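Here's the structure we're looking at; comments come further down.
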There are 2 protein chains.
Amino acid sequence: MNSTRALEVLKEHGYKHTKQREKLLTLLDQHDDIYVSVKQLWEEFSEDFPGASYDTVYRNLYTLADIGILETTSLDGEKQFRFHCDTSDHHHHFICTACGKTSAIHLCPVEDVALSLPGHQIDNHKFEVYGKCPACH
Amino acid sequence: MNSTRALEVLKEHGYKHTKQREKLLTLLDQHDDIYVSVKQLWEEFSEDFPGASYDTVYRNLYTLADIGILETTSLDGEKQFRFHCDTSDHHHHFICTACGKTSAIHLCPVEDVALSLPGHQIDNHKFEVYGKCPACH
DNA sequence: GTGTTAAATGATAATGATTACGATCTAGGA
DNA sequence: TCCTAGATCGTAATCATTATCATTTAACAC
């Protein structure tokens, strides 16, 4: 997923193309596969839009997550955002706790778990691995 | 883990035995293997200690988690607590989103993940499965 | 049992993330 | 160009978490 494609998806969902959204998507593009906090994005955003409402950044990030453009996680009680991976296969992420950089993990045990929990209805799951990426290690 | 053993562990760590801590542990005992929020515990706690400080419940829960008596998770941005499992083997949890009840999951893919991420230093990981338990299903 | 002291609690408020709301502005179609 | 729904701004409310400090209390020595 990238900003160009994201703008199309926004349109498909009836959302308008605004300068603010374009800027926000550009920022997300720059962070590529790195999780970024609302606060950091708002700070970067404010360089181009002085006095920008925190709510604007916040609301748009949640909108983008809602329609599947972004994926989120929560680190230390703070939500983090990044573009949703393009790959169609189900996968998870290693997350570097130093820089936020992520690496895909292409194995998931949830199928096996389902077998070991008869009578349980499984709605979703979370599997994340934390540590230091090669660059930060 | 139960309240009796927990009081011993508290003592081992140099913490005092107070009526409040005893009550809190009793409450956790009653919830057994169910994740409970600070707020709910504080409400139940307040029945015996009217006007109890929220901070007392909160602080003690974090202390108990620090010394390994409790384990925590975060649901909808709210921390939840339960007694740490007695079993010494590494495991994870299925969590019922309706009642908070947990079931142990005795398989973990983190070893395999480590192999697929050369150069990464893995510090910890989170694997949780959410859904409805047999009773709530 | 009494006194001492460090720790715990109560009362209150600060902090930070998230969410809400009304007024104003603007994108996009008529 | 005009109109209108949607977006943004400015501000503030809400909620979970954390801090502060005076008061109380558990644990220990005597």
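Labels below follow one simple rule: chain letters A, B, ... track the order of the sequence lines, proteins then strands, and each chain is numbered from 1. Just so you know, these numbers come straight off a predicted model, no measurement behind them.
Take the nearest nucleotide of DNA chain C for B/S53 and for A/G77: the residue whose nucleotide is more 5' is B/S53. Annotation: of the two residues near DNA chain C, B/N60 and A/E78, the 5′-most nearest-nucleotide partner is B/N60.
Scanning both residues, A/W42 and A/S53, for their nearest heavy atoms gives NE1-C, 3.8 Å. Shortest non-hydrogen contact noted between A/F81 and A/A65 is CE2-CB, 4.3 Å. When all heavy atoms of B/A104 and A/L117 are compared, the pair lying nearest together is O-CD2, 4.2 Å. Across all non-hydrogen atoms, the minimal contact from B/E128 to B/T73 is OE2-OG1, 2.6 Å.
The side chain of A/R59 places an N or O atom within less than 4.0 Å of a non-bridging phosphate oxygen (OP1 or OP2) of D/dT8.
In this structure the side chain of B/V36 never reaches within 4.5 angstrom of the side chain of B/R82, judged on heavy atoms.
Here the C1' atom of nucleotide D/dT8 and the CH2 atom of A/W42 are 15 Å apart, to the nearest Å. For the pair B/Y54 OH and D/dA19 C1', the computed distance is 15 Å after rounding to whole Å. Across the protein-nucleic acid pair, A/D76 atom CG and C/dT18 atom P stand 12 Å apart, rounded to whole Å. Spacing between atom CG of A/D48 and atom P of D/dT8 amounts to 15 Å, rounded to whole angstrom units. Separating the CG atom of B/L41 from the P atom of D/dT17 is a distance of 12 Å, rounded to the nearest angstrom. Atom pair B/L75:CG and C/dT18:P shows a separation of 16 Å (rounding to whole Å applied). Whole-Å rounding puts the A/D66 CG to C/dT18 P distance at 15 Å.
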Protein-nucleotides 22-25 of chain C N/O pairs closer than 3.5 Å?
none

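The residue A/F49 sits apart from the nucleic acid: no heavy atom pair falls under 4.0 Å.
A parallel orientation is assigned to the rings of B/F49 and B/F45, their planes being inclined by less than 30° (bins at 30° and 60°).
Between the side chain of A/H120 and the backbone N or O of A/P118, at least one donor-acceptor pair lies under 3.5 Å.
Listed by residue number, A/Y15, A/K16, A/T18, A/Q20, A/R21 are the residues of residues 7-24 of chain A with a heavy-atom contact under 4.0 Å to DNA chain D.
Of the charged side-chain nitrogens involved, at least one lies within less than 4.0 Å of a carboxylate oxygen, so that B/E8 and B/R5 count as a salt-bridged pair.
Checked against D/dA16, C/dT18, D/dC9, the side chain of B/K39 finds its nearest nucleotide in D/dA16.
With 3.5 Å as the limit, one finds no donor-acceptor pair spanning the side chains of A/H90 and A/E111.
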